[in-house]
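These notes are about the structure you will find just below.
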Number of protein chains: 2
Amino acid sequence: MNVSLDAGKLSGGRLYQRVAEQLASVISEGEYPPGSRLPAERKLAERFEVSRPTIREAIIALELAGVVEVRGGSGVYICDGESDRLASTNLDVGPFDILEARILFEGEAASLAAQKITDEEMAEVRQALDDMVTENEGEPICEKADEHFHMLIARATKNDAIVSVCSHLWALRNSSPVSARILEKVRQAGSKPRIEEHHAILEALEARDAKAARAAMREHLTRVIQQLLDATEAEAVEEARRAIMHNRQRFNLINP
Amino acid sequence: MNVSLDAGKLSGGRLYQRVAEQLASVISEGEYPPGSRLPAERKLAERFEVSRPTIREAIIALELAGVVEVRGGSGVYICDGESDRLASTNLDVGPFDILEARILFEGEAASLAAQKITDEEMAEVRQALDDMVTENEGEPICEKADEHFHMLIARATKNDAIVSVCSHLWALRNSSPVSARILEKVRQAGSKPRIEEHHAILEALEARDAKAARAAMREHLTRVIQQLLDATEAEAVEEARRAIMHNRQRFNLINP
DNA sequence: ACAGCTAATTGGTCAGACCGCAATAACATT
DNA sequence: AATGTTATTGCGGTCTGACCAATTAGCTGT
């Protein structure tokens, strides 16, 4: 069982977060099996050498994460059977994994979108692409337009689950520390707007060509991966190199 | 903008949750635009007629939900640019949307898994399938084994983003009220264990046949959709019927 | 043996206080 | 006058101690 919160920021400043992590640790180590009751808040406060409000905040964090259940007047109980959900919620996912998943998923999403997109939505997508070009002065604006572009395509599928998954993937990208670091590197290296690739996607959508849309989307994201590989190869960070070797092979697998 | 927490439980007993909802409401109504600062905790406590610890707990809930950011010594700020994430987090996604997304995504995931799965992981998958058969007495156990089966395949891709997305989709399914209702209907109608279909997936994985794995997974999920369609057609609920018509067409689109 | 009641335990909330940090305004320096 | 430094002010972060409400278990009386 892997019960950890906010894997990114370890001991992230806030006391209640550290306590929540410690608490999650002792839970995952089996000290309190699923279904059992946690000690009283006062006892926990004494044990972790913090005050009761802090313990309460930590418990609330665990509660919102679905690790424990608070029964008023009775106690705090460990939830059972959600190890899968937990293991994935807090994962610090690397940028290569995210892009590979996007190739698979957004490729299919684009294919579906090409069949269902309306003229109004086409106009919105075109507008997003324009924003990406014109507002290229400030990079963050460009990135925002990029995200908007992809989310519009997801929305064009008329499938809320696909929208949810796409935004989940973008959230993973935006929240991952390691992703942020590598993306910063790419930014410094002067990232091309990749307008042409986006334009190819747009044209495929405009033609309502499902296969072409999937191909264009995969081509686009594949090039982003390539760009990332180049950027990370430039620096000699050891862990990044490991990621490269690990993912280069993966990249070759799914490319053809 | 749609800023609401835990769509399931409205005003769930706890005071801090109600306060968090109220706070989220005034935020979504635009009283505090993204990037701006929230009033001081003491002021908020006065306004909502609760104490400061309660306001703090509510803010922590919003913080964990990604709605606000707490900058120590400065104040609480509304996060910007996550309207997409928020809009999707709270979406009540219908079961058809989820299954369609799973066809697209888990199909690809199975294809990738077939190329990367290890013998140990194969054994785990086989074990999960056995659990699904043997523990068929209690239905929930069977469902748990089903989820485990699919998650194991996701994990076999060695891609954390794919694992995260799959568990996200299962979480959507498990948390959606409308999904729960329809799934209950299916359960009552005496759902077949679908062991044969799972077995076909297993065999494709065993053969390391990527295409066959994708096809088997799609076939399996397509049959689940068919089962859902039959079950929902049996009842005359008006909204369900609309969903049927809406998705039947979609189903036909992606099936071939 | 059982029913009802009491009391201890637990979470829920509150009030007030102190601390350290951050932003800003006032000041001193150049 | 422009700039760098410092003091003030407000903020969140945390702690203490207390009281309330709900649940539970134990006791008592029948």
Side-chain angles (χ1 to χ4, degrees), chain A residues 5-6 8-24 26-27 31-79, chain B residues 5-6 9-24 26-27 31-80:
Chain A
L5 298 181
D6 295 326
K9 36 185 170 180
L10 295 175
S11 56
R14 252 89 100 62
L15 184 54
Y16 85 86
Q17 293 181 346
R18 272 176 303 185
V19 174
E21 286 179 17
Q22 293 179 34
L23 209 55
V26 302
I27 291 175
E31 184 165 337
Y32 305 104
S36 70
R37 216 201 63 196
L38 233 53
E41 289 182 351
R42 293 163 176 87
K43 298 290 177 60
L44 288 173
E46 183 185 354
R47 168 170 172 181
F48 291 104
E49 297 178 332
V50 294
S51 69
R52 198 150 85 93
T54 303
I55 284 289
R56 279 184 57 79
E57 293 175 345
I59 288 177
I60 284 174
L62 293 177
E63 183 190 12
L64 292 176
V67 180
V68 299
E69 176 193 1
V70 180
R71 263 175 263 175
S74 172
V76 181
Y77 297 83
I78 284 90
C79 293
Chain B
L5 298 181
D6 294 327
K9 38 183 170 181
L10 296 176
S11 57
R14 253 92 97 71
L15 183 54
Y16 85 87
Q17 292 181 346
R18 272 175 304 188
V19 174
E21 286 181 17
Q22 293 179 35
L23 243 177
V26 302
I27 291 175
E31 186 165 336
Y32 304 104
S36 70
R37 216 201 62 197
L38 233 53
E41 289 182 351
R42 293 162 177 88
K43 299 290 177 61
L44 288 173
E46 183 186 354
R47 168 170 173 180
F48 291 104
E49 296 178 331
V50 293
S51 71
R52 198 148 91 91
T54 303
I55 283 289
R56 279 184 58 78
E57 294 175 345
I59 288 176
I60 285 174
L62 293 176
E63 182 191 12
L64 292 175
V67 180
V68 299
E69 176 193 2
V70 179
R71 262 174 263 176
S74 171
V76 181
Y77 297 81
I78 284 88
C79 291
D80 49 16

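A, B, ... follow the sequence lines: proteins, then strands. Residue 1 opens every chain.
- Of the two residues near DNA chain C, A:Lys43 and B:Glu49, the one whose nearest nucleotide lies more 5' is A:Lys43.
- Whole-Å rounding puts the B:Arg52 CZ to D:dG10 P distance at 15 Å.
- Taking every side-chain heavy atom of A:Ser51 into account, D:dC15 is the closest of D:dC15, D:dG13, C:dT13.
- Not a single donor-acceptor pair, N or O on each side, falls under 3.5 Å between the base of D:dT14 and the side chain of B:Arg56.
- Side-chain proximity of B:Pro53 to the nucleotides C:dC18, D:dT16, C:dA15 is greatest for C:dA15.
- Between the CD atom of A:Glu41 and the C1' atom of D:dA22 there is a distance of 14 Å, given to the nearest Å.
- Rounded to an integer number of Å, the gap from CG of B:Leu62 to C1' of D:dG12 is 16 Å.
- Each of D:dG13, D:dT14, D:dA18 was ranked by its minimum atom distance to the side chain of A:Thr54; first place goes to D:dT14.
- For A:Arg71 against D:dT24, no side-chain N or O and base N or O form a donor-acceptor pair under 3.5 Å.
- The interatomic distance linking A:Glu63 (CD) with C:dG12 (P) rounds to 8 Å, in whole Å.
- You won't find any donor-acceptor pair under 3.5 Å spanning the side chain of B:Arg42 and the base of D:dG10, going by distance alone.
- Note: CG (B:Leu44) to C1' (D:dG13) measures 16 Å, nearest angstrom.
- At most 12 non-hydrogen atoms from other residues, nucleotides or ligands lie less than 6.0 angstrom from CD of A:Glu46.
- Spacing between atom CD of B:Glu57 and atom P of C:dG12 amounts to 8 Å, rounded to whole angstrom units.
- Distance from the side chain of A:Ser74 is smallest for D:dT24 among the nucleotides D:dC11, C:dG11, D:dT24.
- For the salt bridge (charged side-chain N to carboxylate O under 4.0 Å, His left out) test, no residue two or more places apart in sequence or in another chain qualifies with A:Arg42.
- Rounded to an integer number of Å, the gap from A:Ile59 CD1 to C:dT10 P is 12 Å.
- Rounding to whole angstrom units, CD of residue B:Glu46 and C1' of C:dG16 are separated by 15 Å.
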